[in-house]
Amino acid sequence: MSTVAERLNDIQQQINEACRRAGRSPEEVTIVAVTKSVGPERAREVINAGIGDLGENRNEGLDQKHSAIGSDARWHFIGSLQSRKVRDIVDRIDFLHSLDRGSLAKEIQKRADQPVDCFVQVNVSGEASKSGVAPEATADFIRMLGAYDKIRIVGLMTMAPNTDDEEVIRRTFRGLRELRDEISSLGLPNAPCTELSMGMSNDFGIAVEEGATFVRIGTAIVGYESGERS
């Protein structure tokens, strides 16, 4: 069985190749290792292998690993966040990838001690099963967030449909990139909106080709211990 370092090396090579095809620098792409399915020891292996960004989607997992690892990592909350859970995580994370509604923004504003770097989650594919702001409503949503000085919109996030059709996946990621460019061009003080969080274990190569700056990769790097895949 391959090690975390070996799997990471393979992932990095794939990112390098995707960047070459797209005429990009690999330095533009940050790997967020999604450690939700493994324990603190495996998460520490990820850090030792050279990844400084860890992603969690539940408060319990974040609490467990943050207690063990602390400031040795940058912490990303990548799952849907209930408003009532904001107080438990908001001052322990560096990035929130799933800001998708006004009630959540209001709670962050109320609970955060420092400004939080957030990605607005956009439902580019329009699937009913996915959370996120509709693309056509995203600019107005971000303008509304200008009322909250504890929220900084660093970029947009989406998830592609679960399909083998690469063109559908590519179209989803391209749509997010085009929306990001549109919002970035507005020059909103609260929303530099330069980043794109898109691509997971099964589609990160396409995401990188389409402009991803953060890719969220779980089992392809960390394996899995609890049977959960990401």
Side-chain angles (χ1 to χ4, degrees), residues 3-16 18-19 24-81 89-99 112 114-121 151-159 173 176 180 192-205 207-208 211-225 228-230:
T3 65
V4 166
E6 289 168 341
R7 291 192 291 267
L8 176 59
N9 183 64
D10 181 61
I11 294 292
Q12 189 63 64
Q13 288 183 16
Q14 293 180 61
I15 289 174
N16 293 348
C19 285
R24 302 181 62 200
S25 167
E27 294 180 358
E28 298 173 12
V29 182
T30 296
I31 298 172
V32 178
V34 179
T35 50
K36 66 181 186 180
S37 60
V38 299
E41 289 187 11
R42 185 71 58 82
R44 175 62 71 178
E45 285 183 52
V46 173
I47 293 172
N48 292 342
I51 293 293
D53 292 81
L54 301 183
E56 289 288 327
N57 71 337
R58 294 191 180 94
N59 176 52
E60 294 78 13
L62 176 67
D63 183 59
Q64 181 189 39
K65 272 154 251 180
H66 191 279
S67 295
I69 294 169
S71 61
D72 287 348
R74 290 198 304 178
W75 296 94
H76 300 250
F77 196 88
I78 63 171
S80 180
L81 179 59
I89 68 114
V90 71
D91 288 320
R92 291 186 295 169
I93 60 173
D94 298 284
F95 294 91
L96 174 67
H97 289 243
S98 52
L99 180 55
Q114 301 293 332
V116 181
D117 284 343
C118 297
F119 291 84
V120 170
Q121 182 170 349
I151 293 175
R152 179 172 178 264
I153 303 303
V154 296
L156 306 180
M157 184 278 268
T158 201
M159 291 182 288
F173 292 151
L176 192 73
R180 185 275 313 268
C193 204
T194 56
E195 309 299 330
L196 287 172
S197 172
M198 58 190 195
M200 300 191 294
S201 288
N202 60 333
D203 56 19
F204 66 87
V208 170
T213 59
F214 287 77
V215 290
R216 312 177 304 272
I217 303 178
T219 53
I221 294 176
V222 303
Y224 52 95
E225 296 171 348
E228 217 176 319
R229 294 178 181 266
S230 57

Does the side chain of [Y] come within less than 4.5 Å of [X]'s, by heavy atoms?
X: Ile93; Y: Leu62; value: yes
X: Thr194; Y: Val154; value: no
X: Arg216; Y: Met159; value: yes
X: Cys19; Y: Glu28; value: no
X: Val215; Y: Val208; value: yes
X: Ile89; Y: Leu81; value: yes
X: Arg152; Y: Cys118; value: no

About how many Å separate [atom2] of [Y] and [atom1] of [X], when rounded to the nearest 0.5 Å?
X: Asn59; Y: Gln64; atom1: CG; atom2: CD; answer: 11.5 Å
X: Ile221; Y: Gln12; atom1: CD1; atom2: CD; answer: 9.0 Å
X: Ile153; Y: Cys193; atom1: CD1; atom2: SG; answer: 7.5 Å
X: Ile11; Y: Phe204; atom1: CD1; atom2: CZ; answer: 3.5 Å
X: Ile15; Y: Asp10; atom1: CD1; atom2: CG; answer: 10.0 Å
X: Phe119; Y: His76; atom1: CZ; atom2: NE2; answer: 7.5 Å

Around atom CD of Glu41, are there more than 12 heavy atoms of other residues, nucleotides or ligands at under 6.0 Å?
no
Determine, stepwise, if the pair Leu54 / Ile69 fulfils side chain to side chain contact (heavy atoms under 4.5 Å, CB included).
CA-CA 10 Å; Leu54 301 183; Ile69 294 169; 4.0 Å; yes
salt_bridge(Arg92, Asp63) N-O dist < 4.0 Å:
yes
Which atom pair, heavy atoms only, marks the closest approach of [X] to [Y]?
X: Val29; Y: Ala212; value: CG2-O, 3.7 Å
X: Gln121; Y: His97; value: CB-O, 4.2 Å
X: Leu8; Y: Ala49; value: CD2-O, 3.4 Å
X: Ile51; Y: Ala33; value: CG2-CB, 4.0 Å
X: Gly223; Y: Val38; value: O-CG1, 4.0 Å
X: Arg74; Y: Phe214; value: NH2-CE2, 4.1 Å

What residues, two or more places apart in sequence or in another chain, satisfy salt bridge (Lys or Arg N to Asp or Glu O under 4.0 Å) together with Asp94?
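Asp94 satisfies salt bridge (Lys or Arg N to Asp or Glu O under 4.0 Å) with no other residue.
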Could you walk me through whether Arg44 and Lys65 pass the side chain to side chain contact (heavy atoms under 4.5 Å, CB included) check?
CA-CA 9 Å; Arg44 175 62 71 178; Lys65 272 154 251 180; over 6 Å; no
Donor-acceptor pair between Thr35 and Arg42 side chains, under 3.5 angstrom
no
Give the intermediate values and the outcome of side chain to side chain contact (heavy atoms under 4.5 Å, CB included) for residues Ile31 and Asp53.
CA-CA 7 Å; Ile31 298 172; Asp53 292 81; over 6 Å; no
For side chain to side chain donor-acceptor pair (under 3.5 Å), just list the numbers for Glu195 and Thr213, CA-CA rounded to whole Å, side-chain angles, deciding distance to a tenth of an Å, and then say yes or no.
CA-CA 6 Å; Glu195 309 299 330; Thr213 59; 2.7 Å; yes
